[in-house]
2 protein chains.
Amino acid sequence: MSRADGANREDGAVAGIRSAAAGTATGGAGANLLALRSHNTALVLDLLRTAGSDGISRLELAERTGLTPQAVSKITGRLREEGLAAEAGRRASTGGKPRTVLRLVPGAGHAVGVHLDRDEARVVLCDLAGTVLAEARSALHLGAGADAVVERTARQVEELLPGARGALLGVGVALPGPLDHARGVLHRVTGFPEWDGFPLRDALARRLGRPVVVDKDTNAAALGLAVAGEGGSFAYLHLGTGLGAGLVIGGSVHRGARTGAGEFGHQVIRLDGPVCGCGDRGCIEALCLAAVARGDLAAAARVLGTGAANLVGLLDIDLVLLGGRTVAAAPGEFVRGVAAVLAERARRKGTPGDPIPVRLAAGGSRGVAQGAAQLMLAPLFGRRDG
Amino acid sequence: MSRADGANREDGAVAGIRSAAAGTATGGAGANLLALRSHNTALVLDLLRTAGSDGISRLELAERTGLTPQAVSKITGRLREEGLAAEAGRRASTGGKPRTVLRLVPGAGHAVGVHLDRDEARVVLCDLAGTVLAEARSALHLGAGADAVVERTARQVEELLPGARGALLGVGVALPGPLDHARGVLHRVTGFPEWDGFPLRDALARRLGRPVVVDKDTNAAALGLAVAGEGGSFAYLHLGTGLGAGLVIGGSVHRGARTGAGEFGHQVIRLDGPVCGCGDRGCIEALCLAAVARGDLAAAARVLGTGAANLVGLLDIDLVLLGGRTVAAAPGEFVRGVAAVLAERARRKGTPGDPIPVRLAAGGSRGVAQGAAQLMLAPLFGRRDG
DNA sequence: CCCACTTTCGCAACGCTGTTGCCAAAGTGC
DNA sequence: GCACTTTGGCAACAGCGTTGCGAAAGTGGG
């Protein structure tokens with residue numbers, strides 16, 4: 001069995017090649033040289049992005065990727081030719097030639113993120129680093145019909161475009177409710193049956209003449225957090241007018257085959273409990289929002305924490321992030337309450353190590369729109385669907 | 001932005017390269033040519049395995065992988081040289097030279113799977129195709145101490161080894177309870193505190209002089225089912241003396257950073273419900289087993305179904321498989337009951353498409369041991385940790 | 001039976017990947 | 001000022017999948 005020689009690897013690097021089968025035909029997952037280059041380039045680009053304005057040296061890139069310094073030199077050479085990377089000074093010498101620091105050129109590419117919330121539209125223009133360069137907000141009336149909303153959104157996007165000196169990669173759109181990420185079709189928009197099955201991605205792409213990607217708001221927010229540096233696997237729990245989750249597993253957003261993943265609000269945690277709007281009984285969302293409505297934030301946090309603990313146990317994730325308007329109104333209360341439930345359950349199970357941390361999600365009310373822009377940017381850095 | 005040219009790919013093939021970063025150094029996820037070859041070889045090998053004794057032609061391999069026919073010829077040529085693949089007749093002509101059929105040579109490699117259950121040890125010898133060539137069972141007394149169990153298990157393994165004419169890849173061990181898959185260390189064995197922190201993998205590997213991998217029984221069972229052909233993402237729910245789950249996401253077992261994923265039995269689904277053995281209240285396991293104890297299988301199935309529906313909603317998986325002694329005692333009842341809850345929830349949510357199917361897991365009482373053997377075999381076919 | 005055609009599949013040349021060997025450049029420190 | 005260390009580019013290289021082409025092995029019409 002000489003086939004084993006390629007298999008004995010350590011765990012981190014084992015997750016190496018899967019994202020890069022670019023350049024091959026449609027069907028399988030076979031990888032060719034173009035795919036290889038694409039993968040390694042994305043990896044280097046992601047490290048440059050993460051390093052930010054501090055920059056990162058070639059040798060450090062080599063260490064982090066496991067590639068040889070010479071390979072990194074070739075890759076960064078191409079990136080510099082394309083204008084995506086640039087030299088940015090040098091580090092202090094350690095007894096020899098000092099390392100040259102490289103950094104990402106943020107202005108080399110841009111993307112627009114659109115957040116269609118229930119009553120407000122928010123559009124941001126971001127550069128490659130994810131920095132918001134321009135922003136616009138306006139009231140949103142879904143009842144005006146799909147065509148009107150598409151037209152109005154398109155105009156808002158176009159108003160921001162002059163801010164993008166570099167190329168525009170495309171537009172990412174995030175909105176609540178069930179939809180098909182792969183096809184860009186909305187399944188249903190609560191309260192507006194005329195939207196059922198609307199092909200938002202294609203409609204907006206045709207109107208703008210640019211690539212468009214559509215995703216759930218919770219997924220966009222989670223992607224934004226992942227790109228912003230939250231490593232490993234985590235859950236973003238969004239408690240606003242509803243309750244939903246975005247799951248990041250191994251750095252990629254987990255959507256499931258039907259973009260249905262993250263259905264957190266209607267997890268049943270009290271069998272035969274009070275009836276929820278969905279028709280079921282004892283859903284987290286109903287229990288949690290009822291507690292909020294009667295002002296009992298401790299109870300709301302405990303309910304949320306129970307659901308979070310179920311999720312943490314099921315997926316063994318590393319971190320829980322909380323967000324949404326309701327959480328933002330009393331962040332400490334929710335973070336402490338959820339953390340307490342998690343700590344209590346971890347104590348009971350006696351698992352070694354520290355309990356799973358709970359934090360308030362960064363990004364605030366702009367997080368979803370920024371994450372929506374990342375729907376177009378993240379693939380450049382090797383982050384695809386989980 | 002000429003960087004985009006490598007990025008515009010379709011979704012299926014996008015998942016291409018990640019598993020193959022073999023041959024590089026320790027840290028990152030950079031991929032080199034050896035990794036590329038390793039990945040594509042594993043892909044071809046997996047298709048050969050899946051095709052079974054029917055075999056598969058080179059051109060079909062090319063279509064399925066997205067590689068060119070010539071690349072497939074080179075890869076299968078290497079595999080034939082190494083004795084892993086062989087020609088197996090030819091197909092009917094379609095007007096030209098008939099396609100040559102290739103098949104996996106199952107005897108080219110073997111692995112041993114060990115299932116340490118609470119009261120019984122089960123050892124199987126499998127070939128590359130996963131076929132069980134030899135089997136042994138014996139009573140297991142964990143109270144005899146770690147050294148005695150390791151020694152006894154090692155002897156059982158050695159007794160089966162003569163059945164492996166080809167090379168032995170190693171031994172996979174599956175057992176219940178929390179453990180560290182990456183390090184091969186048991187955290188805790190219920191009822192036997194002397195096992196706490198025992199480095200089972202290293203102890204058995206030293207004794208046998210062969211590679212050993214350790215995993216939870218539910219994960220092994222799920223891996224076995226995945227390799228046996230259950231595609232996509234699914235959950236294996238095991239209801240025996242306890243209740244646990246094995247999660248397969250995108251063809252790979254999802255373990256989480258601490259091998260803790262699949263903690264399903266202690267998901268709380270009835271807040272303030274009856275006290276469970278774990279100290280919490282309203283755990284699925286407690287509710288389900290209590291219902292079984294009082295003979296109310298319909299209630300047990302409903303509880304299990306509620307947990308399954310939570311899981312399906314959270315992860316958007318494609319399939320639920322049921323197994324374990326308790327399920328095996330009344331499979332129809334459980335399958336129907338769980339399916340009914342899933343169908344009801346799907347109906348309420350009004351999601352398009354068929355409801356998620358529920359089936360009895362194949363493999364029966366031997367499934368875990370076979371899955372344990374796959375812990376060693378599956379990496380050859382490109383299946384690594386999710 | 002022969003010949004044109006189709007289809008499979010291997011050989012050889014090729015382009016491109018990361019790798020290796022080597023050396024110039026650019027510092028430190030005695 | 002010189003020895004040394006460290007960085008990083010140039011050039012040659014091995015090996016990957018790809019392309020061009022032709023031999024092999026069938027079918028089917030004349």
Side-chain angles (χ1 to χ4, degrees), chain A residues 5-6 13 16-17 20-25 28-44 55-63 65-81 85 87 89-102, chain B residues 5-6 13 16-17 20-25 28-44 55-63 65-81 85 87 89-102:
Chain A
D5 54 10
I17 286 202
T24 47
N32 54 21
L33 290 172
L34 182 56
L36 187 73
R37 184 181 68 179
S38 209
H39 170 77
N40 287 338
T41 304
L43 216 59
V44 168
I56 184 171
S57 71
R58 287 179 182 80
L59 285 177
E60 203 176 340
L61 286 170
E63 285 170 24
T65 57
L67 297 171
T68 59
Q70 192 55 250
V72 170
S73 272
K74 284 191 179 180
I75 292 168
T76 55
R78 282 197 302 261
L79 290 176
R80 289 194 314 169
E81 270 186 21
E87 295 197 347
R90 30 187 61 184
R91 292 224 194 290
S93 167
T94 61
K97 178 175 176 176
R99 302 184 173 186
T100 311
V101 173
L102 301 172
Chain B
D5 53 8
I17 286 203
T24 46
N32 54 21
L33 291 172
L34 182 56
L36 188 72
R37 184 180 70 178
S38 210
H39 170 77
N40 287 337
T41 303
L43 216 59
V44 168
I56 185 171
S57 71
R58 289 178 180 80
L59 284 177
E60 203 176 341
L61 286 170
E63 283 170 25
T65 56
L67 298 171
T68 59
Q70 191 59 342
V72 170
S73 272
K74 283 192 179 178
I75 292 168
T76 55
R78 283 197 301 262
L79 291 176
R80 289 194 316 169
E81 269 187 23
E87 296 196 347
R90 31 188 60 183
R91 291 223 194 289
S93 167
T94 61
K97 177 173 176 176
R99 300 183 174 185
T100 311
V101 173
L102 301 172

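Below, read A as the first sequence line, B as the second, and so on, with proteins coming before strands; counting in each chain starts at 1.
Contact check, B:Asn40 against D:dG17: a side-chain N or O comes under 4.0 Å of OP1 or OP2. For A:Thr68, a side-chain nitrogen or oxygen approaches OP1 or OP2 of C:dT19 to under 4.0 Å. Of the side-chain N and O atoms in A:Ser73, none sit less than 4.0 angstrom from OP1 or OP2 of D:dG8. Close to D:dG8, at under 4.0 Å from its OP1 or OP2, lies a side-chain N or O of A:Thr100.
Comparing A:Ala71 and B:Leu59, the nucleotide of DNA chain C nearest to each residue sits closer to the 5' end for B:Leu59. Summary of the strand contacts: B:Val101 and B:Leu33 both lie near DNA chain C, and taking for each the nucleotide with the nearest heavy atom, the more 5' one is attributed to B:Val101.
The side chain of B:Arg58 has C:dC9 as its nearest neighbour among C:dC9, D:dT18, D:dT7. Nearest nucleotide to the B:Lys74 side chain, out of C:dC9, D:dC16, D:dT18: D:dT18. When distances run from any side-chain atom of B:Arg78 to the nucleotides D:dT18, D:dC16, C:dT19, the shortest one goes to D:dC16.
Side-chain atoms of A:Gln70 and base atoms of D:dG8 include no donor and acceptor less than 3.5 Å apart.
Looking at every heavy atom in both residues, B:Arg91 comes nearest to B:Gly55 through NH2-O, 3.5 Å.
A straight line from CD of A:Glu81 to P of D:dG9 spans 12 Å, rounded to a whole angstrom. Between the C1' atom of D:dG8 and the CD1 atom of A:Ile75 lies a distance of 15 Å, rounded to the nearest Å. Rounded to whole Å, the distance from CD on A:Glu87 to C1' on C:dA25 is 13 Å. Between the CG atom of B:Asn32 and the P atom of D:dA14 there is a distance of 17 Å, given to the nearest Å. For the pair A:Arg91 CZ and C:dT28 P, the interatomic distance rounds to 16 Å; values are reported in whole Å. Atom pair A:Leu34:CG and C:dT17:P shows a separation of 8 Å (rounding to whole Å applied). Residue A:His39 contributes atom NE2, which lies 17 Å from atom C1' of C:dC16 at whole-angstrom precision. As a whole-Å value, the separation of B:Glu63 CD from C:dC9 P is 12 Å.
Rounding to the nearest 0.5 angstrom, the gap separating the CG atom in B:Leu43 from the CD1 atom in B:Ile75 is 8.5 Å. Here B:Glu63 contributes atom CD and B:Ser57 contributes atom OG; the two are 7.5 Å apart, rounded to the nearest 0.5 Å. Of the inter-residue distances, the one linking A:Arg90 atom CZ with A:Leu102 atom CG reads 11.5 Å to the nearest 0.5 angstrom.
Nucleic acid contact for A:Arg90: sugar-phosphate only, since backbone atoms but no base atoms lie under 4.0 Å from a heavy atom of the residue. Contact annotation for B:Pro98: backbone-only contact, meaning every heavy-atom pair under 4.0 Å involves sugar-phosphate atoms and none involves a base.
Within the 3.5 Å criterion, the main-chain N or O of B:Leu67 finds no donor-acceptor partner in the side chain of A:Asn32.
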